[in-house]
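Here is the structure we will look at.
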Amino acid sequence: MNRPPPHVVVARDADRPGWLLAVTTAPAQDVTAEHVREDALHDRVRALEHELAPRWTVRSLRSFYPPLLAAGIRLRRAHDLLLCHAILRDTPALSEPLTPSPLWVRPDQPEDLVAQPGLFDVGPDAGSDLDEVLAQWRAQQDALDRAPDGRLALLCAAESTGALIAEEMTAAGLPWSRAVHEGILEDALGPRPLRGARPARMASLVREIGECLGDAEVNPDSPPRLLRALHRAGVFVESTSKWELSDIDHPVVAPLLEYKRLARLFTANGWSWLDDWVRGGRFRPVYLTGGVVTGRWASSGGGALQIPRQLRPAVHADPGWVFVTADVAQLEPRVLAAMSHDTAMADAARGSDLYEGVVRSGAVASRQEAKYAVLGAMYGATTGESGRLVPRLRTVFPRAMAHVDAAARTGEEGGVVSTLLGRGSPRPDEAWRSAQSRAGDPGAGGADEARARSRARDRGRFTRNFVVQGTAAEWALLWLAEIRHRLMALPPAPVSAPASGPAFDDRPHLALFLHDEVIVHCPADQAGAAAEAVRAAAEAATARLFPGFAIDVPLDLSIRDDAAT
DNA sequence: ACTAAGTGCGCG
DNA sequence: AAAGCGCGCACTTAGT
């Protein structure tokens with residue numbers, strides 16, 4: 001039968017330069033570690049990967065894996081102790097969670113991990129010698145053994161595979177066409193301005209805005225000054241945000257909104273962004289796995305997860321290569337239906353448009369209403385159109401609604417909720433708890449109580465959304481891992497992509513992951529196989545996360561040479 | 001001169 | 001000041 005692979009526990013040698021590698025199969029087992037000289041590490045890892053295909057157990061893949069990738073080595077399995085410590089320490093799925101250890105807590109600021117990986121990751125620091133690493137690994141294995149089922153183990157494996165993928169995607173990079181990007185910028189903004197100057201289109205809009213407001217000195221980049229100028233001109237808005245301005249009938253609105261649009265493009269993704277972030281035809285963001293409390297990834301550098309739709313055509317495959325792009329329509333409500341075993345909602349989710357299914361269920365009259373109602377149910381809307389429609393869903397989808405309502409109630413009461421695989425929400429912080437207890441004091445005033453109620457509801461909306469967003473993130477993580485698994489099984493292609501890293505230049509690889517969307521970069525003649533891998537991976541992810549429950553998770557999948565929508 | 005907080009907007 | 005969640009980044013202003 002399938003024996004689980006051995007672990008290779010990796011640590012720095014505290015006594016001499018180099019590394020210690022301990023091959024082991026059970027936490028209770030005595031281990032002897034092999035010393036590997038610094039310059040021999042890559043060869044030894046390559047050999048062990050070939051012979052054993054072990055689960056590489058390291059303090060943090062964030063620092064351990066990139067040098068291996070640069071040397072052309074890919075690891076199949078891993079266990080990231082830092083990421084899994086965070087999961088096993090906070091989970092309500094264990095009656096006795098992992099004892100928190102300060103040595104294994106990640107820094108509050110994720111940037112620290114990026115800026116100074118050596119400080120917190122594998123290195124000659126506390127927590128990275130063999131005894132510490134082995135003790136932490138054993139503690140985590142014991143915690144997983146105590147778990148009531150295999151879900152936490154699946155989560156830890158998926159989280160660690162995600163960390164492998166994140167580093168691989170940074171190494172591979174996202175194929176990016178400078179020429180296409182510059183074309184978009186010039187069409188919108190005019191020629192690249194001199195350093196420090198506004199692009200021509202923006203400058204003329206500023207003049208136009210000044211004329212409309214009778215204020216030649218107006219600076220639309222300064223919200224307070226712009227607000228005063230608007231008030232002087234009789235435009236009584238409370239903020240300068242575009243959602244409020246767009247409701248106003250005044251000649252300044254059109255040029256102002258246009259200016260905001262262009263200013264955003266220029267400052268966030270203009271020529272400086274290109275200079276800073278695109279090298280050799282690749283955009284290489286740093287992905288921060290576990291960077292969001294719900295389990296979603298965050299990113300650092302270049303705003304990788306906020307690339308505007310407008311610039312998607314600049315995401316361009318290499319000559320002879322194509323993209324397989326895929327995204328899930330309405331992932332979160334589908335996940336909610338499945339995790340709550342709401343068969344009525346799963347029926348509504350049948351097919352490619354869940355919102356039309358909600359209309360068919362009779363809960364609401366139009367697709368637009370269905371969308372507001374479903375989003376409001378997951379986000380905790382109480383007022384407005386959305387808040388008005390949410391109660392209709394309670395009669396039609398009682399199980400799904402009970403699930404999110406219970407999560408909200410737990411959060412309001414200061415409790416901890418968890419995703420389907422067992423990632424726990426953060427406990428309320430000290431400020432929250434003291435606000436609640438102050439409201440219960442005998443001398444508490446009405447303002448204290450109102451404030452406490454408001455904070456409680458804020459937290460309820462957070463925990464309500466946490467269970468859905470977090471479980472959707474787990475589906476996406478499993479999808480990603482299944483895609484990688486299938487892509488690694490495809491044969492190398494004869495044609496190399498010119499700009500990829502050494503570990504990727506000859507085979508299909510993931511190039512972007514964005515919550516519920518992936519881009520695979522692959523040789524054109526492997527596009528069909530890669531697309532099938534992405535599709536089959538989605539089915540596998542659904543089957544693993546929701547065994548025995550029928551839920552459609554349809555993909556919008558295409559093969560193309562750019563990422564335009 | 002530097003940092004922290006607020007504003008606003010892009011993405012899901 | 002989005003009705004309602006989660007992020008990152010650029011810019012300005014207020015504070016040291």
Side-chain angles (χ1 to χ4, degrees), chain A residues 109-111 114 198 219-228 236-248 256-257 259-270 272-273 276-277 285-312 327-333 335-336 369 371-390 404 407-408 411 417 419 425-426 457-473 475-476 512-518 563 565:
Chain A
Q109 297 303 319
E111 298 79 39
V114 178
R198 278 196 179 105
N219 174 13
D221 293 332
S222 166
R225 284 193 274 169
L226 176 60
L227 191 62
R228 283 195 295 273
F236 297 110
V237 286
E238 287 187 39
S239 77
T240 64
S241 57
K242 68 173 185 184
W243 70 267
E244 192 176 355
L245 285 168
S246 57
D247 284 345
I248 304 290
L256 189 49
L257 292 181
Y259 176 85
K260 281 170 172 282
R261 199 179 64 81
L262 297 183
R264 170 77 195 180
L265 177 65
F266 176 61
T267 58
N269 297 100
S272 320
W273 183 93
D276 290 344
W277 293 106
V286 172
Y287 295 93
L288 302 171
T289 42
V292 181
V293 285
T294 58
R296 276 186 173 184
W297 293 9
S299 72
S300 169
L305 307 185
Q306 303 130 254
I307 298 162
R309 292 256 156 220
Q310 190 184 4
L311 281 180
R312 290 297 186 92
D327 67 85
V328 186
Q330 306 120 11
L331 175 59
E332 291 190 358
V335 161
L336 172 58
E369 286 188 333
K371 191 170 176 176
Y372 279 180
V374 168
L375 291 176
M378 294 187 304
Y379 292 159
T382 54
T383 62
E385 172 87 346
S386 187
R388 184 175 64 76
L389 290 165
V390 171
V404 286
V417 298
T419 60
S425 68
R457 280 193 301 268
D458 289 348
R459 188 158 191 280
R461 285 194 304 277
F462 166 65
T463 51
R464 170 189 294 272
N465 184 249
F466 180 95
V467 296
V468 181
Q469 186 183 119
T471 306
W475 186 93
L512 181 77
F513 169 53
L514 216 174
H515 308 315
D516 60 0
E517 175 184 350
V518 298
T565 44

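Chain identifiers are assigned alphabetically (A, B, ...) following the order of the sequence lines, protein sequences preceding nucleic acid strands; residue numbering begins at 1 within each chain.
Nucleotides C/dG6 and C/dA2 place their P atoms 14 Å apart, quoted to the nearest Å. Here the separation of B/dG8 from C/dA1, taken at their C1' atoms, is 11 Å to the nearest Å.
Which of C/dG6, C/dA3, C/dT12 sits closest to the side chain of A/Y372 comes down to C/dA3. Side-chain proximity of A/R296 to B/dG8, C/dC5, B/dG12: nearest is B/dG12. Checking C/dT13, B/dG8, B/dC11 against every side-chain atom of A/T240, the shortest atom distance belongs to B/dG8. Counting only heavy atoms from C-beta on, A/S241 has its side chain closest to C/dA2 among C/dG4, C/dT12, C/dA2. Closest approach to the A/F462 side chain among B/dG8, C/dC7, C/dC5 is made by C/dC5 (side chain taken as heavy atoms from C-beta onward). Listed nucleotides: B/dC11, B/dG8, C/dC5. Nearest to the side chain of A/R461: C/dC5. Side-chain atoms of A/Y379 lie closest to B/dG12 of the nucleotides B/dG12, B/dC9, B/dG10. When distances run from any side-chain atom of A/R309 to the nucleotides C/dC5, C/dA1, B/dC11, the shortest one goes to B/dC11. Comparing B/dC11, C/dT12, C/dC7 by their nearest atom to the side chain of A/R312 picks out B/dC11. With B/dG8, C/dA10, C/dG6 as the choices, the nucleotide that has an atom nearest any side-chain atom of A/T267 turns out to be C/dA10.
Side-chain N/O atoms of A/R264 and base N/O atoms of B/dC9 include a donor-acceptor pair closer than 3.5 Å.
Checking side-chain atoms of A/S300 against main-chain N and O of A/V286 turns up no donor-acceptor pair under 3.5 Å. In this structure a side-chain-to-backbone donor-acceptor pair under 3.5 Å is present from A/S386 to A/Y372. For the pair A/R459 (side chain) and A/G411 (backbone), a donor-acceptor distance under 3.5 Å is present. Side-chain atoms of A/T463 come within 3.5 Å of backbone atoms of A/G460 as a donor-acceptor pair (strictly under, hydrogens ignored). Checked by atom type and distance alone, the side chain of A/E244 pairs as donor or acceptor with a backbone atom of A/S239 at under 3.5 Å.
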note = Pairing string of DNA chain C (Watson-Crick or G-U wobble, both atom distances under 3.5 Å; | = paired to other strand) is ....||||||||||||
key: Verdict with supporting geometry, A/L227 and A/V237, side chain to side chain contact (heavy atoms under 4.5 Å, CB included)   = CA-CA 8 Å; A/L227 191 62; A/V237 286; 3.9 Å; yes
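The separation between A/W277 atom CH2 and C/dG8 atom C1' is 11 Å, rounded to whole Å. In this structure, A/W297 atom CH2 and C/dC7 atom P are separated by 17 Å, rounded to whole Å. Regarding A/R228, its CZ atom lies at a distance of 8 Å from the P atom of C/dT13, rounded to whole Å. With rounding to whole Å, A/K242 atom NZ is found 14 Å from C/dA1 atom C1'.
Contact annotation for A/Q469: base contact, defined as any heavy-atom pair under 4.0 Å involving a base atom.
Closest non-hydrogen pair, A/W475 versus A/V335, comes out as CB-CG2, 4.4 Å.
At a threshold of 4.5 Å between non-hydrogen side-chain atoms, the residues A/M378 and A/Q469 do not count as touching.
Residue A/T383 has a polar side-chain atom (N or O) positioned under 4.0 Å from OP1 or OP2 of C/dG4.
Where A/E332 and A/R225 meet DNA chain C, the nucleotide closest to each residue was compared, and A/E332 sits on the side nearer the 5' end.
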